[in-house]
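Here the structure is laid out as structure tokens; the discussion comes afterwards.
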Amino acid sequence: MTAPGTVADRLLVVDDLVKHFPIKGKDNVVRAVDGVSFEMRRGETLGLVGESGCGKSTVGRSILRLIEPTSGTIRYEGENIVGHSFARMQELRREMQMIFQDPYASLNPRLSVRSIIAEPLRIHKIGTRDEQHRKVAELLEKVGLDPRYADRYPHEFSGGQRQRIGIARALALEPKLIICDEPVSALDVSVQAQVVNLLQDLQEEFGLTYLFISHGLAVVEHISDRIAVMYLGKIVEIAEAQELYGRPLHPYTKALLSAIPIPEPSKKRQRIVLEGDVPTPVDPPSGCRFRTRCPFAIPDCAKDIPELKEYSPNHLAACIRIGDL
Amino acid sequence: MEKLLEVIGLRTQFKTSAGLVRSVDDVTFSIGRGELLCIVGESGCGKSVTALSIMGLVSEPGRIAAGSILYKGEDLTRSSQSRMREIRGNEIAMIFQDPMTSLNPVFSVGEQISEALRLHKGLNKAAARAAAIDSMREVAIPSPKMRYDDYPHQLSGGMRQRIMIAMALACDPELLIADEPTTALDATIQAQILELLDALRRDRNMAVLLITHDLGVVAEVGDRVCVMYTGKIVETSGVDELFSSPKHPYTKGLLNSVPKLPETGAARQHRLRTIEGMVPNLTELPSGCHFADRCSERMASCEFGEVPLYQLDDGAHVRCRLYAEQQRSEVAL
């Protein structure tokens with residue numbers, strides 16, 4: 001996989017990441033992530049899109065090693081973190097943080113906002129109590145909340161405000177990389193826009209690198225520099241955001257894009273409605289995993305697993321039929 | 001278009017320890033036969049409570065405090081429980097957001113569809129089974145005969161929503177209320193379900209009240225749309241007009257907050273436009289226009305008195321004083 005820039009620009013390189021979950025009492029496994037490779041440059045936002053069960057969250061969690069990968073390497077600042085000890089990983093996680101989807105479930109209801117945001121500082125023994133309190137106030141201000149709210153509890157806040165608290169907590173350790181797992185999916189549209197803008201402002205201010213995981217294609221397009229599309233445990237296409245939306249190559253990407261309802265009734269597009277459901281990741285189709293729903297599938301699609309090939313600079317797709325379409 | 005359902009001055013309220021919550025506050029709209037009306041709004045705006053009020057499913061501590069719901073001229077707010085049971089599921093059917101929690105996990109999906117047919121149509125077991133299989137076929141469930149005996153957990157989310165639709169349509173309702181029917185589904189499955197709903201309502205000339213937070217969904221399938229905010233309708237208009245010339249500042253704000261896919265080659269918009277602030281607490285609503293605090297076009301007069309719904313020349317209704325001079329006639333409701 002290539003992306004413009006030198007080796008030093010690369011913050012994270014994921015190579016052939018595999019995560020299989022065993023099924024109790026059975027010999028087979030859930031192939032949640034099955035050979036995923038990509039890299040992330042410093043300061044960029046990589047969007048990771050796909051439908052439920054495609055493995056996008058498993059990729060995000062594997063990078064933080066909240067889930068132990070089955071195989072593959074994850075190089076962070078050139079260092080393979082797969083196999084690192086718990087203690088070393090904990091040190092590294094100062095630089096890698098996560099923002100979760102559900103702002104109701106991801107904040108401890110029994111802790112005050114101050115304790116929630118200061119917790120990472122306490123765990124990593126950074127600063128005195130007073131310094132930690134000052135830091136909390138500063139972070140609250142950064143995410144657009146009144147520092148006087150520090151002694152309140154999560155239930156006193158709206159969904160959007162809670163997500164801001166989650167963001168403040170992720171920023172507490174001044175990380176370089178933030179895995180954003182569906183950070184705005186649970187929010188109302190008007191609040192969604194506020195949080196997206198906040199994430200962009202923070203990225204600019206602190207030079208953050210985001211892995212932005214989402215099924216909301218329009219939001220991903222808006223925030224990402226590059227986008228990877230996943231289907232059933234594999235990346236099927238990866239390109240710069242505008243290129244991907246303007247010139248999608250993979251039939252799945254095309255169908256996914258055409259499925260987004262757009263708020264412009266005058267613009268009736270030709271919609272590709274896919275037949276059927278995503279097959280089970282326990283027993284994925286042979287060859288191309290999308291072939292069972294692909295309107296362009298031919299017998300050859302069942303033979304080999306298509307590899308990601310570069311069709312134009314930095315635009316890769318995994319489909320043997322791209323030349324014919 | 002002949003009116004199938006007319007909701008007039010509906011007020012549904014909940015008594016809570018924090019005070020009286022006016023979830024639906026003087027809501028008026030109508031749906032014609034075969035029409036697809038969308039109600040759009042954010043969490044807590046009262047769109048789902050409006051649907052539940054029509055179905056007669058509001059229970060303590062909530063109650064319908066005022067207004068009437070005329071279905072073919074019959075006021076449902078005055079109907080007895082037994083009359084409502086005849087109507088529910090038979091003339092007016094409803095589908096919900098989450099098909100997993102609205103299906104009973106201990107009965108096969110086929111039995112659940114048959115139940116409504118036996119209850120409302122008086123069919124015997126075999127006839128109900130055959131009719132249920134027909135309606136499963138109509139919503140494009142592959143091999144419906146085999147699927148009849150499946151339990152909800154054996155089906156995918158999209159298939160479960162198809163079962164819900166089959167169940168709702170089994171008795172040939174004239175009005176279908178769909179409360180966020182595709183919100184829990186993936187994009188490609190959402191497209192399938194929307195297409196299915198649209199085709200079915202056209203085939204049957206069935207009216208649909210579609211409740212959604214997604215303006216994209218409104219644009220795809222709606223004929224007319226009501227925008228709700230803090231329990232009130234702030235704008236009603238045709239779908240095309242709503243998107244080409246939104247009127248209420250809240251509607252404009254909502255449309256602006258949605259990230260748009262750019263035209264090929266066009267520069268990307270760097271920042272999303274947002275609506276400042278947040279929805280006020282329903283127990284502490286400001287006097288005057290509820291949106292005034294967040295409105296960029298606020299005037300001094302906005303802070304006092306109830307804002308009426310103004311009817312404009314193009315047929316749209318808008319609850320905003322900016323339109324006081326353009327109104328055709330103040331709607332006395």
Side-chain angles (χ1 to χ4, degrees), chain A residues 49-54 157-161 184 186-198 200-201 215-223 231 241-243 245-247 252 255-269 271-280 293, chain B residues 41-45 140 142 155-159 182 185-192 194-195 212-222 238-240 242-244 250 253-279 281 294:
Chain A
V49 302
E51 299 179 277
S52 338
C54 72
F157 296 88
S158 70
Q161 289 174 321
V184 298
L187 306 177
D188 273 320
V189 235
S190 69
V191 181
Q192 208 172 52
Q194 294 173 356
V195 173
V196 166
N197 283 345
L198 172 66
Q200 286 184 308
D201 291 343
H215 68 281
L217 293 140
V219 174
V220 170
E221 196 282 337
H222 177 81
I223 202 169
Y231 186 79
Q242 275 173 292
E243 166 82 4
Y245 281 73
R247 242 168 40 87
Y252 178 63
L256 203 55
L257 286 175
S258 84
I260 317 173
I262 45 169
E264 287 165 73
S266 50
K267 237 195 249 166
K268 289 285 179 212
R269 298 153 304 162
R271 167 171 287 170
I272 310 163
V273 175
L274 293 177
E275 300 278 319
D277 284 316
V278 182
T280 161
R293 300 174 78 201
Chain B
E42 300 181 281
S43 322
C45 71
L155 302 177
S156 67
M159 280 300 149
T182 59
L185 305 175
D186 279 317
T188 61
I189 308 297
Q190 163 166 291
Q192 290 173 355
L194 285 179
E195 191 138 298
T212 180
H213 68 281
D214 187 339
L215 288 159
V217 170
V218 175
E220 295 279 336
V221 296
V239 164
D240 290 347
L242 186 91
F243 289 93
S244 60
Y250 175 63
L254 266 189
L255 284 168
N256 282 333
S257 331
V258 184
K260 291 178 193 62
L261 295 180
E263 306 282 330
T264 314
R268 278 208 287 179
Q269 88 194 95
H270 181 58
R271 284 180 70 84
L272 293 173
R273 277 183 284 172
T274 62
I275 303 174
E276 291 300 314
M278 47 187 199
V279 180
N281 190 324
R294 307 175 71 189

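The figures that follow rest on heavy atoms only: side chains count, while hydrogens, waters and symmetry mates do not. Quick note on labels: first sequence line is chain A, next is B, and so on, each numbered from 1. In this text the structure is predicted, and so the values were computed from the model without any measurement.
Side-chain N or O atoms of A:Gln192 include none that pairs as donor or acceptor with a backbone N or O of B:Ser257 at under 3.5 Å. Without hydrogens or angle criteria, A:Gln194 side chain to B:Glu276 main chain gives no donor-acceptor distance under 3.5 Å.
Closest of all the heavy-atom pairs between B:Ile189 and A:Glu51 is N-OE2, 4.1 Å. Here the closest non-hydrogen pair linking A:Ala259 and B:Ala187 is CB-O, 3.5 Å. Taking all atoms of both residues into account, the shortest heavy-atom contact from B:Glu220 to A:Ile260 is OE2-O, 4.1 Å. A:Ile262 approaches B:Ala219 most closely through the heavy-atom pair O-CB, 3.4 Å. For B:Met159 against A:Asp277, the heavy-atom pair with the smallest separation is CG-OD2, 3.6 Å.
In this structure, the portion of A:Val273 lying under 4.5 Å from any heavy atom of chain B is its side chain and not its backbone. Heavy atoms of B:Glu195 lying under 4.5 Å from chain A belong exclusively to its side chain. Neither the backbone nor the side chain of B:Val218 comes within less than 4.5 Å of any heavy atom in chain A. Only the backbone of A:Glu275 comes within less than 4.5 Å of a heavy atom in chain B; its side chain stays farther off. Proximity to chain B is limited to the side chain of A:Gln200, based on heavy atoms less than 4.5 angstrom apart. Both the backbone and the side chain of A:Val189 come within less than 4.5 Å of a heavy atom in chain B. For B:Gln192, the parts sitting under 4.5 Å from any heavy atom of chain A are the backbone and the side chain alike.
Here the side chains of A:Asn197 and B:Thr274 are in contact, with some heavy-atom distance below 4.5 Å. Contact of the A:Pro261 side chain with the B:Asp214 side chain is registered, since non-hydrogen atoms from C-beta on lie closer than 4.5 Å.
When each of B:Leu254, B:Val258, B:Leu242, B:Val217 is paired with A:Pro263, the side chain to side chain contact (heavy atoms under 4.5 Å, CB included) condition holds for B:Val258 and for no other.
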Could you walk me through whether B:Met278 and A:Gln161 satisfy the side-chain contact (heavy atoms from CB on, under 4.5 Å) test, starting with their C-alpha distance in whole Å, then the side-chain angles of each, then the deciding distance to 0.1 Å, before giving a yes or no? CA-CA 10 Å; B:Met278 47 187 199; A:Gln161 289 174 321; 3.4 Å; yes

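Annotation: side-chain hydrogen bond (donor to acceptor under 3.5 Å, both in side chains) contacts of B:Asp186 (sequence neighbours excluded): A:Ser52.
Between the NE2 atom of A:His215 and the OG1 atom of B:Thr188 there is a distance of 11.5 Å, given to the nearest 0.5 Å.
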